[in-house]
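Structure first, then comments.
Numbering of ligands and ligand atoms starts at 1, following listing order.
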Amino acid sequence: MNSEYANNTLTHDDVARLAVLVKPYLTEKRYVHTLAVAKEAERLGEIYLPDKINELKAAALLHDITKKDDLKKQLHYCEKFGIIVKEFDHLSPKVFHARTAACLAEQDFASFVNEEIINGIRWHTTGRFGMTNFESIIYLADYIEETRDFEDCVLLRNYFYGKIDDGEDKTVALIDTMIYSFDLTIGNLIKEGALIDDDTIGARNYYLIKRSETE
Ligand SMILES: [Fe+2]
């Protein structure tokens, strides 16, 4: 990934144009999901980052642009963009698309992205230690958007909005929701006998530390 980014700020019209431009990168079903993530990112952005709504929506629109690509194509992108592939990455192929989407977004949508948007895309699947509110919003929007009907997604959505509706401190609500999401994800990976990405452990530790600082 380039170390130099344009310092793009986006307008409502930019986001509307981007919503059309990303369509060919997505299956029909994933396009519906993508629009729902953008809507959810806006909702969360109104609570946490009201001055970055357009940038959050852009990250949401771009977060899955390589999701339909198979492992061979993912590896092709890795080689092309210089993404380091770790020895056991092929055992958790789902983690590729976040890295490759971040690079492809930078290449194909250069005028729509900035560093924050790229990082929102990059970390939307695993999270990471020290993740920002922007990154957390994209991660969470992907998990709880309104078309998601998996039990854990519904649980997490109700958990978060339950806290907000109860007037819980919004920072604590986000921290607790992030911890709960990692607990659900890690629990599922254990049940499936799947690898747990180091960054997911790091993200959970990060939010546990943040939680202890609020007490
Ligand atoms: Fe997604």
Side-chain angles (χ1 to χ4, degrees), residues 15 18-45 48-49 52-71 73-74 77-78 83 89 92-109 112-113 116-128 131-161 174 177-178 180-182 184-186 188-189 192 194 196-197 199-200 203-204:
V15 174
L18 186 59
V20 177
L21 292 172
V22 296
K23 205 169 178 193
Y25 291 75
L26 302 157
T27 62
E28 209 166 307
K29 193 175 163 213
R30 194 148 299 278
Y31 188 61
V32 172
H33 159 71
T34 291
L35 294 180
V37 177
K39 193 170 161 191
E40 187 63 46
E42 179 170 17
R43 215 174 274 150
L44 295 170
Y48 294 102
L49 290 174
K52 291 188 179 167
I53 304 275
N54 290 327
E55 289 73 19
L56 285 165
K57 288 175 82 173
L61 290 171
L62 291 163
H63 84 285
D64 270 349
I65 55 170
T66 59
K67 186 93 184 227
K68 74 176 178 187
D69 298 316
D70 61 14
L71 186 58
K73 188 91 185 264
Q74 299 292 346
Y77 283 137
C78 289
I83 299 168
D89 279 351
S92 42
K94 278 185 199 163
V95 302
F96 279 113
H97 83 278
R99 296 183 218 162
T100 56
C103 291
L104 193 67
E106 206 187 335
Q107 176 191 275
D108 289 6
F109 298 95
F112 292 91
V113 299
E116 213 166 27
I117 293 169
I118 294 296
N119 282 332
I121 302 166
R122 168 65 186 90
W123 299 106
H124 87 265
T125 304
T126 58
R128 64 164 163 171
M131 65 195 297
T132 62
N133 271 3
F134 191 105
E135 289 160 25
S136 300
I137 287 172
I138 300 304
Y139 167 93
L140 192 57
D142 190 25
Y143 211 130
I144 67 172
E145 57 88 348
E146 64 189 6
T147 74
R148 292 266 205 210
D149 54 8
F150 291 123
E151 194 184 344
D152 286 354
C153 302
V154 177
L155 265 177
L156 196 67
R157 188 189 305 135
N158 292 341
Y159 180 81
F160 174 72
Y161 283 108
L174 182 62
T177 303
M178 293 301 286
Y180 189 29
S181 80
F182 295 122
L184 290 168
T185 299
I186 291 169
N188 287 330
L189 291 169
E192 293 163 14
I196 301 165
D197 197 284
D199 289 316
T200 303
R204 181 171 179 274

Open item on the list: In terms of relative ring orientation, are His124 and His97 parallel, tilted or perpendicular, with 30° and 60° separating the classes?
Closed with: perpendicular
Open item on the list: Report the atom name of the nearest N/O/S atom of Asp64 relative to the Fe ion (ligand 1).
Closed with: OD2
Open item on the list: Parallel, tilted or perpendicular: which one describes the rings of Tyr180 and Tyr159, with boundaries at 30° and 60°?
Closed with: tilted
TODO: May I ask you to check whether over 12 heavy atoms, not counting those of Lys23, lie within 6.0 Å of atom NZ?
DONE: no
- [ ] Would you check if the distance from the ring center of Phe160 to the ring center of Tyr143 is below 6.0 Å?
- [x] no
TODO: Look at His63 and state whether any of its N, O or S atoms is less than 2.8 Å from the Fe ion (ligand 1).
DONE: yes
Task: Considering only N, O or S atoms of Asp142, the one closest to the Fe ion (ligand 1) - done: OD1
